[in-house]
There are 2 protein chains.
Amino acid sequence: MSVVETPRPPEENNRRMALVRAAAVLFRDQGYERTTVRDLGSAVGMQSGSLFYHFRTKEEILVAVMALGITSTTEQLAAALAEANSLRDKLAALFRVHLNSLLGDNQAALEVMLYEWRSVSETAKPGLIVLRDRYEALWQQVLDEAAAAGLVKQDTRLLRRTLLGSLHWTVQWYRRDGELSVDDLARHMLQLVLTE
Amino acid sequence: MSVVETPRPPEENNRRMALVRAAAVLFRDQGYERTTVRDLGSAVGMQSGSLFYHFRTKEEILVAVMALGITSTTEQLAAALAEANSLRDKLAALFRVHLNSLLGDNQAALEVMLYEWRSVSETAKPGLIVLRDRYEALWQQVLDEAAAAGLVKQDTRLLRRTLLGSLHWTVQWYRRDGELSVDDLARHMLQLVLTE
DNA sequence: GTCTATAGGTAGATAGAC
DNA sequence: GTCTATCTACCTATAGAC
């Protein structure tokens, strides 16, 4: 049930990874409880019993989905921040990376992390919380710098929670077939929070 | 399965109402899918079979919980707006009423409305959407007035979605035993959005 | 690694007595 | 209106063959 795993060569984990990605989509669309192990199996062309060679329980699959969602987003954000040339660029990266991870192609995993928290057992929560805190720490650093430079308001802890709430909620109303691209949406939302 | 019901004398619906209130708490704490009809029955001192005299299906209970959550919040907001003396007071009322409904005592119903949407059947959704739109229309009116007066930024449709997302997310981190009261939190969050 | 077959449990809902 | 009893269906997980 350990969340942090030793990395292996990708070929070795292909089957397991395909399962996690398929599970992310099913859990997002139907919810964890309504998704049966039979659903998961047939999504990867497998009988339900065979799943339990790769995972001990259905919940272990949920935890793997969530861990994937938050770690891959954290990695993308860290990379974007390292490339940013200005504080303003860093701020923009926060919004851009988060929304692309949440609303972009094949990115159901982060959404599962946000909305299926109640289905995670108490024993598995701490590991996921560590991963989430690591992500939020990146946010906090950038917001603190931005507040010191006068780009945003001062109460940065509340600001971080407020902004993340706004971004999370976009999954409820944003439609990709509309006029606004994800990057445009990120820019608009950043604009709302900048002190002029 | 109709959401909008003819009002009846309260005594007539006491049992039904107690059930809806108990269900709101269970659905919020455990999730709709994990809550069994046996859980619901024992929460009101009833056998599970007896529930089906009051409701045809378990889902009908979920819809009743959600309808209660959003209509009672809408009524409270409408009353608060009618009493407000200034535009600034109206803005404050948006935040205050929403957070008290979400974080206050015995107010699990609105939280269920926000987080169990996926468990609602397609046939029941339209009725709930009408109720939700009615609530959001109140927000939109006040934000439009505030933008015209220069109190908040101009993109009020995005602003409404952004603010509601921030407020919804408070259930994930706000703790009543902390330093901040719900009313204080409402004031702080309003402060973040005002143009100075 | 994946299959078939199934154990063992619990879910939502119904029927009829009171 | 509520109870008891129960139906039918489906769930996660396991066992052993291949």
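Each chain gets a letter, A, B and so on, in the order its sequence line appears, and its residues count up from 1. Computed from a predicted model, the values in this text were never measured in an experiment. Note that these values count all heavy atoms, side chains included, but never hydrogens, waters or copies made by symmetry.
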Taking atom types as modelled, is there a side-chain donor on [X] or [Y] under 3.5 Å from an acceptor on the other?
X: B:Ser121; Y: B:Glu59; result: yes
X: B:Ser101; Y: B:Thr73; result: yes
X: A:Gln140; Y: A:Thr156; result: yes

task: Give a yes/no on whether any side-chain N or O of B:Gln47 is located under 4.0 angstrom from OP1 or OP2 of D:dT4.
output: yes
task: Look at the side-chain N and O atoms of B:Tyr53 and state whether any lies under 4.0 Å from the OP1 or OP2 oxygen of D:dG1.
output: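 B:Tyr53 to D:dG1 OP1/OP2: side-chain N or O found under 4.0 Å.
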Please tell me which of the listed nucleotides, [options], lies nearest to the side chain of [X]?
X: A:Ser50; options: C:dT2, D:dA13, D:dT2; answer: C:dT2
X: B:Lys58; options: D:dT2, C:dA13, D:dA13; answer: C:dA13
X: A:Ser48; options: C:dT2, D:dG1, D:dA13; answer: D:dA13
X: B:Arg38; options: C:dG12, D:dG1, D:dT12; answer: C:dG12
X: A:Thr57; options: D:dT2, D:dA13, C:dG12; answer: D:dA13
X: B:Met46; options: D:dT12, C:dA13, D:dT2; answer: D:dT2
X: B:Thr36; options: D:dC11, C:dG12, D:dT2; answer: C:dG12

Whole-Å gap separating [atom2] ([N]) and [atom1] ([X]):
X: B:Arg16; N: D:dT2; atom1: CZ; atom2: P; result: 13 Å
X: B:Leu62; N: C:dG12; atom1: CG; atom2: C1'; result: 15 Å
X: A:Leu51; N: D:dA13; atom1: CG; atom2: C1'; result: 11 Å
X: B:Glu33; N: D:dC11; atom1: CD; atom2: P; result: 11 Å
X: B:Asp39; N: C:dT10; atom1: CG; atom2: C1'; result: 12 Å
X: B:Leu19; N: D:dG1; atom1: CG; atom2: P; result: 14 Å
X: B:Leu40; N: C:dA11; atom1: CG; atom2: P; result: 11 Å
X: A:Phe52; N: C:dT6; atom1: CZ; atom2: C1'; result: 14 Å

field: Cationic tip of A:Lys58 above A:Tyr32 ring, under 6.0 Å, 45° of axis
entry: yes
- prompt: Between A:Trp139 and A:His98, what is the ring plane arrangement, given parallel below 30°, perpendicular above 60°, and tilted in between?
  reply: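 The rings of A:Trp139 and A:His98 stand perpendicular, inter-plane angle above 60°.
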message: Between D:dG1 and B:Arg15, counting only base atoms on the nucleotide and side-chain atoms on the residue, is there a donor-acceptor pair under 3.5 Å?
response: no
